[in-house]
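Take a look at the structure below.
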Amino acid sequence: MSRKIIPFIVAFVLACLVMVVSGVFAFSGIVTAEKFGSDVAWVQPYYTAESMKVIDLTGDGQDELFIQNTSDISTYDASGNRVWNFSYGTPKTTLGDVNGDNVEDIIVFYAGLGMSVDTIINGQQSTLADNLPIGTPARNVLIRFSSAPQIVLGDSSGSLLSLKMDGNTVWQNTFSSEEIRGLDDAKISGETYLAAASHDGTVSVLNENGGIVWQVNQEQLRRMRAFDLNADGNSEIITGGEYGAFFIYSAVDGSVLFNKSLGQAVSEVREVELNGDPSSREIIVGGKDGGVWAFSFNGTTATQLWTASLSDKVTEIAGIDINEDGKEEAVLGDELGNVAIFTETGSRNNLPKHSSGITRIDIGKLGNERYVVVADGSEIQVNKVNFNSIPVFNIRR
């Protein structure tokens with residue numbers, strides 16, 4: 001081939017490429033790929049958190065970071081300074097307004113003088129009740145029944161005990177034969193009830209006197225949550241089983257609204273508003289082998305949206321609207337220290353990996369910024385998550 005011809009051939013090929021690209025612009029739409037990253041704001045050592053929440057505990061309009069493990073309960077300010085801390089033996093905690101001042105307080109169920117309950121109100125610790133006739137702490141919750149609020153305790157052998165705000169017993173119930181795995185408030189026609197579940201598979205809704213409204217038994221159970229998913233005044237009870245059973249029950253009568261076998265033990269369940277549409281609510285389910293499922297619930301049944309996976313047991317799920325478009329992204333952590341963000345469509349963005357397993361994730365405003373707070377086996381890490389949009393081609397069909 002003559003060397004004089006080669007430049008003409010190259011020019012022809014380039015011209016063809018230009019026409020192809022022009023055609024793509026003409027017949028394609030440009031969409032946005034989402035990419036998330038994070039910058040660490042501050043870090044503090046803290047071992048294996050069991051509970052964590054970004055919340056205002058002082059009533060000053062500024063949130064603090066509450067965190068608890070097997071021997072310590074602490075609160076940090078927006079800059080990462082410890083505000084107060086208390087030592088306890090194997091505590092279980094919940095948050096709720098004990099004294100009626102519209103500020104959340106810390107309620108501690110622990111092994112002290114017998115089984116005991118303390119309150120921590122604006123950093124002031126006091127004993128509400130001790131020598132209680134109940135076993136080793138497993139769960140506790142503050143339920144605002146229509147008559148009066150109650151603190152409900154659940155132990156490792158399946159018993160329930162309810163206290164008034166002055167520490168006196170309201171009722172007791174030998175609920176089941178194994179550890180209480182879930183306590184939550186549930187709505188029926190707008191009225192508040194108690195949803196309870198144990199590891200033996202007992203799931204129930206109880207009234208303010210400890211009476212059973214309904215009860216079902218399923219396979220051994222790992223997680224139970226209660227949400228009013230369609231804002232109709234009636235909650236849905238969501239459970240995840242030891243062998244992969246995923247159920248949604250009506251809080252009204254215990255009827256099954258949806259069930260599916262996921263093929264692995266369910267390790268976590270959370271509500272995350274993926275699509276920004278309040279008429280349907282989304283549920284993210286995590287599995288012991290790393291499976292991730294997203295479901296949409298429309299008030300009568302659930303539809304699977306997508307599936308994904310992490311590298312190991314899903315240990316935590318939280319939702320945050322990172323790019324402020326009215327839709328939440330799902331932030332998940334696993335037992336190997338991986339943290340990933342999943343969008344409405346199931347696309348995944350990885351955040352920096354931690355050196356130990358993720359134990360808790362929460363989202364909230366500390367100071368003037370919203371943060372994703374991640375606790376692993378050795379520390380608390382407060383992250384500012386950022387969002388970038390990258391234009392890409394989407395061929396229309």
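- Side-chain contact between E335 and I358: absent, with no pair of heavy atoms (C-beta onward) separated by less than 4.5 Å.
- Under the 4.5 Å side-chain criterion, counting only non-hydrogen atoms from C-beta, D105 is not in contact with T119.
- Between F258 and F246, the ring-plane angle classifies as perpendicular under the 30° and 60° cut-offs.
- A donor-acceptor pair under 3.5 Å is absent between the side-chain atoms of T192 and the main chain of F145, judged by distance alone.
- The aromatic ring centroids of F297 and F227 lie 6.0 Å or more from each other.
- Interatomic distance, CZ of R348 versus CG of L310, reported as 5.0 Å (0.5 Å rounding).
- Distance CD1/I320 to CD1/I341: 8.0 Å, rounded to 0.5 Å.
- Under a 3.5 Å cut-off, the side chain of D334 and the backbone N or O of K313 do not form any donor-acceptor pair.
- Counted by atom type alone, S198 and S176 present one or more donor-acceptor pairs between their side chains at under 3.5 Å.
- Using a 4.5 Å cut-off on side-chain heavy atoms (C-beta onward), E191 and Y193 make contact.
- Remark: the S296 side chain and the N298 side chain contain no N/O donor-acceptor pair separated by less than 3.5 Å.
- A distance of 3.5 Å separates CD of E208 from OG of S147, quoted to the nearest 0.5 Å.
- Taking CD1 from I284 and CD from E271, the interatomic distance works out to 10.5 Å, rounded to the nearest 0.5 Å.
- No side-chain donor-acceptor contact under 3.5 Å links D185 to the backbone of L194.
- A distance-only check finds a donor-acceptor pair linking the side chain of S250 to the backbone of V252 [under 3.5 Å].
- Residues L132 and Y110 do not share a hydrophobic cluster, clusters being chains of Ile/Leu/Val/Met/Phe/Trp/Tyr side chains in contact below 4.5 Å.
- Using a 4.5 Å cut-off on side-chain heavy atoms (C-beta onward), S189 and N234 make contact.
- Each of V54 and F66 belongs to its own hydrophobic cluster when Ile, Leu, Val, Met, Phe, Trp and Tyr are linked at side-chain heavy-atom distances under 4.5 angstrom.
- Judged by distance alone, the side chain of N69 and the main-chain N or O of T48 form no donor-acceptor pair under 3.5 Å.
- A heavy-atom distance below 4.5 Å is found between the side chains of L161 and P133.
- Residues L221 and E242 are not in side-chain contact: their nearest non-hydrogen atoms beyond the backbone lie 4.5 Å or more apart.
- Considering K353, R360, Q381, H354 as possible partners of D376, the one that fulfils the side-chain hydrogen bond (donor to acceptor under 3.5 Å, both in side chains) test is H354.
- I55 and V373 fall into different hydrophobic clusters, where Ile, Leu, Val, Met, Phe, Trp and Tyr are joined by side-chain heavy atoms under 4.5 Å apart, directly or via other members.
- Salt bridge status for E273 with R281: present, with a side-chain N to carboxylate O gap under 4.0 Å.
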Exercise. Should Q150 and S162 be marked as a side-chain hydrogen bond (donor to acceptor under 3.5 Å, both in side chains) after you check the CA-CA gap, both sets of side-chain angles, and the distance that decides it?
Worked result: CA-CA 6 Å; Q150 298 176 25; S162 179; 2.4 Å; yes
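- Under the 30°/60° scheme for interplanar angles, the aromatic rings of Y76 and W42 are found to be tilted.
- Between the side chain of N209 and the backbone N or O of G211, no donor-acceptor pair lies under 3.5 Å.
- Salt-bridge check for E329 with K327: failed, with every basic side-chain N at 4.0 Å or more from each acidic carboxylate O.
- Contact check for F295 versus Q304: side-chain heavy atoms found under the 4.5 Å cut-off.
- Q215 places no side-chain N or O within 3.5 Å of a backbone atom of V203 that could act as its donor or acceptor partner.
- Side-chain atoms of D72 and Y47 form no donor-acceptor pair, as typed in the model, at a separation below 3.5 Å.
- The backbone N or O of D118 sits nowhere less than 3.5 Å from a side-chain atom of T127 that would complete a donor-acceptor pair.
- If you chain together hydrophobic residues whose side chains sit under 4.5 Å apart, L305 and V285 never meet in one group.
- A distance of 10.5 Å separates OG1 in T93 from CZ in R139, rounded to the nearest 0.5 Å.
- With hydrogens and angles left out, the side-chain atoms of Y371 and D362 include no donor and acceptor closer than 3.5 Å.
- In this structure, W214 contributes its side chain and A251 its backbone to a donor-acceptor pair below 3.5 Å.
- A distance of 6.5 Å separates CZ in F109 from CG in D155, rounded to the nearest 0.5 Å.
- Although no hydrogens or angles enter the test, the distance criterion places no donor-acceptor pair under 3.5 Å between the side chain of T90 and the main chain of T70.
- Side chain to side chain, T75 and W84 meet the donor-acceptor criterion of an N or O pair below 3.5 Å.
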Exercise. Can you list the steps and then say if E50 with K92 is a salt bridge (Lys or Arg N to Asp or Glu O under 4.0 Å)?
Worked result: CA-CA 8 Å; E50 289 188 342; K92 300 297 179 183; 3.4 Å; yes
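- For the pair R225 and E236, the salt-bridge criterion is not met [side-chain N within less than 4.0 Å of a carboxylate O].
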